[in-house]
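Just so you know, these numbers come straight off a predicted model, no measurement behind them. Numbering of ligands and ligand atoms starts at 1, following listing order. Starting from 1, each residue takes its place in the sequence as its number.
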Amino acid sequence: MFTTPERPGHFIDNQTTPAQGGGRLTVTNPSNGTECAQIARGTSADIDRAIGSARTAFQERWGGLATLERSRVLQRWSQAVLAHQEELARLEAMETGKPISQARADAVALARYVECYAGAANTLHGRTIPHQAGYTVLTLREPHGVTGHIIPWNGPMQIFGRSVGAALAAGNACVVKPAENGCLSLLRVAALGAEAGLPAGTLNIVTGLGAEAGQALTEHPGIDHLSFTGSPETGRRVAIAGAAHHCPVTLKLVGKSPQIVFADADAEAALPALVSAIVLNAGQTCSAGSRLLIERPLYEPLMERLSNAFSALRAGPAHLDLDLGPMVNRKQQQRVWDFLSDAQASGIEMAAQGEIVDEAPADGFYQAPVLMRDVPTSHRLWREEVFGPVMAVRAFDDEDEAVALANGTDFGRVAGVWTRDGSRQLRMAHRLQAGQVFINHDGAAGGLELSFGGVKDSGDSQGIGFEAMYDFSRLRTVAIRHG
Ligand code: NAD
């Protein structure tokens with residue numbers, strides 16, 4: 001079973017520190033509905049302190065450090081995360097409810113992100129620009145200064161690794177506001193960073209509520225760049241708050257990602273990938289393959305196999321390490337229930353449902369995985385992100401219809417295409433409006449070196465890969481007239 005750290009506080013200036021005013025918040029373990037921790041309830045005073053500390057670190061320590069030295073610290077930190085993989089995984093499994101093996105994989109992904117960005121730090125270059133005779137023009141790529149990071153609860157370690165790893169490698173100091181159900185692992189990760197040599201103030205974590213600590217971070221004039229991952233509604237608020245003090249903002253928002261299976265596809269290979277695309281993290285990922293489009297000749301045979309696969313899925317507490325854990329909180333569970341009751345009221349047929357195991361405590365926030373067939377394109381189950389283990393399926397008749405259906409939402413996060421036809425693979429890759437297109441697989445085996453942009457309302461940040469370093473740096477031009 002998992003254990004709770006003793007009264008965690010904020011992490012500011014490399015020290016654990018209580019909230020000014022002493023406020024605390026209760027974190028609920030989604031696997032059983034009981035209290036798992038009391039965290040510090042951050043206020044604008046805590047944010048102010050963290051930003052002051054980050055500013056000093058940027059100006060006096062981290063910002064001026066040789067790139068190679070920065071890389072070395074990040075390498076050591078990455079190794080420390082790997083060495084503490086089990087401890088970190090247990091914390092994250094406890095607070096988010098994700099199965100323990102998934103949490104272990106997330107700790108490894110965090111270590112790899114930090115390692116990748118440590119390697120990339122030395123390759124973030126400006127360039128020279130040919131201009132007129134008598135001039136030399138060059139660009140300088142520099143850190144923003146103090147960056148703010150708002151991290152959600154669905155993948156605390158992974159999303160922190162992408163965002164903070166890239167920002168630190170580019171030379172910024174960071175202030176992080178994690179989600180209430182996603183901060184215990186990150187507080188420990190930050191302490192490991194201090195032990196690995198991150199100078200005091202380089203990485204600060206202020207826990208608390210979005211509307212308090214989060215909002216204070218977005219409104220603070222001392223923040224030079226804001227990175228947000230989460231819902232479109234909150235993303236809009238963050239962008240407006242940033243704009244009010246001319247602070248650049250990058251957004252990573254939600255998706256309603258299609259998986260498109262043509263009749264010539266290798267259905268055997270596709271089946272497990274289609275299932276895991278929606279079951280991973282109980283469907284609480286922005287890249288979840290929540291819409292499935294099947295070419296009509298394959299529709300009934302594949303639905304039969306999918307139904308069998310869904311019926312065999314099991315949800316239960318994180319420590320049992322089943323196919324999926326609970327939803328992260330009561331609000332998220334209720335959100336899924338609302339979608340399903342709307343679907344039922346509209347007469348949408350449930351083709352199959354998995355099981356919640358008997359050992360799952362009644363007060364946990366469980367939702368069995370659900371397969372819904374022939375979902376109308378006008379229904380919200382087809383158009384809006386559920387962020388739960390609910391797959392919406394419908395048939396299509398030709399390539400044009402598949403493209404129109406796939407692109408027919410407000411989002412463009414990820415798309416999957418399953419076909420043996422090489423020309424069609426390339427045509428689809430060009431026609432699909434999605435930040436990432438996967439052909440005959442899903443997720444590129446983790447693919448943390450790959451850029452992960454969004455199209456339409458899925459956000460503007462590149463998020464992952466080397467390109468994320470551009471999010472966390474700015475370009476200045478120097479023009480020298482030498483005759
Ligand atoms: P949210 O967007 O409100 O929360 C994400 C983060 O933003 C959290 O750290 C939260 O504390 C912070 N936040 C909230 N209000 C803020 C504010 N006014 N200013 C600054 N920061 C603020 O998401 P939620 O309410 O936890 O979940 C709602 C929906 O969001 C989900 O159903 C899902 O669709 C989506 N979501 C998406 C992702 C993703 O990875 N893209 C992650 C979590 C949730």
Side-chain angles (χ1 to χ4, degrees), residues 25 27-28 30 39 41-44 47 95-98 106 148-164 175-183 186 205-220 223 226-244 247 249-257 280-288 290 327-339 365 367 380-381 383-390 409-414 435 452-454 457-461 463-464:
L25 286 172
V27 178
T28 303
I39 59 168
R41 180 170 179 166
T43 62
S44 55
I47 289 289
E95 60 185 334
T96 65
K98 67 179 59 175
D106 285 3
H149 304 256
I150 297 173
I151 311 285
W153 39 261
N154 53 329
M157 283 194 280
Q158 283 231 27
I159 295 169
F160 172 95
R162 295 168 196 173
S163 186
V164 172
V175 178
V176 178
K177 209 305 276 174
E180 299 88 293
N181 267 88
C183 55
L186 299 189
I205 297 191
V206 177
T207 59
L209 297 171
E212 295 175 357
Q215 194 172 326
L217 180 64
T218 62
E219 291 173 349
H220 200 291
I223 284 288
L226 277 166
S227 164
F228 171 82
T229 306
S231 66
E233 301 73 28
T234 305
R236 197 170 301 120
R237 274 199 288 276
V238 169
I240 290 168
C247 174
V249 179
T250 45
L251 301 174
K252 295 166 212 116
L253 307 175
V254 300
K256 189 70 187 174
S257 298
L280 184 75
N281 214 19
Q284 301 169 122
T285 63
C286 62
S287 52
S290 52
M327 311 308 299
V328 75
N329 53 31
R330 183 73 72 201
K331 178 179 145 198
Q332 203 57 31
Q333 185 190 40
Q334 186 60 51
R335 179 184 169 92
V336 179
W337 288 351
D338 289 347
F339 270 93
F365 309 134
Q367 170 61 52
R380 63 189 287 244
L381 189 56
R383 314 191 73 82
E384 296 172 26
E385 187 182 60
V386 179
F387 229 59
V390 182
T409 71
D410 293 336
F411 307 108
R413 176 51 76 201
V414 166
F452 190 24
D457 293 358
S458 286
D460 57 357
S461 162
I464 315 184

Pro178 neighbourhood, listing ligand 1 atoms whose heavy-atom distance to it stays under 4.0 Å
9 (O)
Would you mind reporting whether Asn154 and Phe387 have side-chain heavy atoms less than 4.5 Å apart?
yes
Among Asn281, Ile159, Ile150, closest by heavy atom to atom 6 (C) of ligand 1 is Ile150
Taking the side chain as every heavy atom from C-beta outward, state whether Lys98 and Asp106 have any pair of such atoms under 4.5 Å apart.
yes
With heavy atoms of Ile151 as the reference, note each atom of ligand 1 found under 4.0 Å away.
8 (C), 9 (O)
Going by side-chain contact (heavy atoms from CB on, under 4.5 Å), Pro30 matches just one of Asn181, Thr96, Asn329. Which one?
Asn181
How far is atom 25 (O) of ligand 1 from its nearest protein heavy atom, and which residue and atom is that?
Lys331 NZ, 2.6 Å
Are any of the side-chain heavy atoms of Gln334 and Trp337 separated by less than 4.5 Å?
yes
Thr218 to Ala241 - nearest heavy-atom pair and separation:
OG1-CB, 3.4 Å
Taking the side chain as every heavy atom from C-beta outward, state whether Met327 and Pro389 have any pair of such atoms under 4.5 Å apart.
yes
Which part of Gln332 is near ligand 1, with near meaning a heavy atom under 4.0 Å away: side chain, backbone, both or neither?
side chain
Considering all heavy atoms, the nearest His149-Ser163 contact:
ND1-OG, 2.7 Å
Provide the number and element of each atom of ligand 1 under 4.0 Å from a heavy atom of Cys286.
39 (C), 40 (O), 41 (N)
Just heavy atoms, cut-off under 4.0 Å: does Leu217 contact ligand 1 by side chain, backbone, both, or neither?
neither
Among protein heavy atoms, which lies nearest atom 40 (O) of ligand 1, and at what distance?
Asn154 ND2, 3.1 Å
re atom 34 (O) of ligand 1, the protein heavy-atom contact at minimum distance is Glu385 OE1, 2.8 Å
Do you know which two heavy atoms are closest between Leu186 and Pro178, and how far apart they sit?
CD1-CB, 3.9 Å
Please report the C-alpha distance between Asp457 and Leu253 in whole Å, then the side-chain angles of each, then the deciding distance to 0.1 Å, and finally whether the side-chain contact (heavy atoms from CB on, under 4.5 Å) criterion is met.
CA-CA 7 Å; Asp457 293 358; Leu253 307 175; 5.7 Å; no
Distance flag for atom 4 (O) of ligand 1, protein heavy atom under 4.0 Å:
no
Once you round to the nearest 0.5 Å, how far does SG of Cys247 lie from CD1 of Ile223?
7.0 Å
Near Val254 (heavy-atom distance under 4.0 Å), the atoms of ligand 1 are 34 (O), 35 (C), 37 (C)
Considering heavy atoms of the protein only, find what lies nearest to atom 29 (C) of ligand 1 and give residue, atom and distance to 0.1 Å.
Ser231 CB, 3.8 Å
Out of Lys177, Gln158, Arg236, His149, indicate the one that has the non-hydrogen atom closest to atom 10 (C) of ligand 1.
Lys177
Going by distance only, is there an N or O of Gly208 that falls short of 3.5 Å from an N or O of ligand 1?
no
Would you mind checking which non-hydrogen protein atom is closest to atom 26 (O) of ligand 1, with the distance to 0.1 Å?
Trp153 NE1, 2.6 Å
With atoms numbered from 1 as shown, which atoms in ligand 1 lie under 4.0 angstrom from a non-hydrogen atom of Glu180?
11 (O)
Taking the side chain as every heavy atom from C-beta outward, state whether Arg41 and Leu209 have any pair of such atoms under 4.5 Å apart.
yes
What atoms of ligand 1 come closer than 4.0 angstrom to any heavy atom of Pro152?
42 (C), 43 (C)
Give the residue and atom name of whichever protein heavy atom lies nearest to atom 20 (C) of ligand 1, and the separation in Å to one decimal.
Gly214 C, 3.3 Å
Apply the test side-chain contact (heavy atoms from CB on, under 4.5 Å) to residues Phe339 and Val390: give CA-CA distance (whole Å), side-chain angles for both, the deciding distance (0.1 Å), then the verdict.
CA-CA 9 Å; Phe339 270 93; Val390 182; over 6 Å; no
How far is atom 13 (N) of ligand 1 from the closest protein heavy atom, and which atom is that?
Gly210 CA, 3.4 Å
If you have a sec, work out which protein heavy atom is nearest atom 38 (C) of ligand 1 and how many Å separate them, to one decimal?
Phe387 CZ, 3.4 Å
Do we see a donor-acceptor contact under 3.5 Å between the side chains of Glu95 and Trp153?
no
Distance under 4.0 Å to a non-hydrogen atom of Arg237: what atoms of ligand 1 satisfy this?
18 (N)
Answer yes or no on whether Arg383 is positioned over the face of Phe411, meaning its NZ or CZ is under 6.0 Å from the six-membered ring centre and within 45° of the axis.
no
Is it the side chain (CB and beyond), the backbone, both or neither of Leu253 that lies under 4.0 Å from ligand 1, heavy atoms counted?
backbone
Which ligand 1 atoms are under 4.0 Å away from a heavy-atom of Arg335?
32 (O), 34 (O)
Close N or O approach (Thr234, ligand 1; < 3.5 Å)
yes
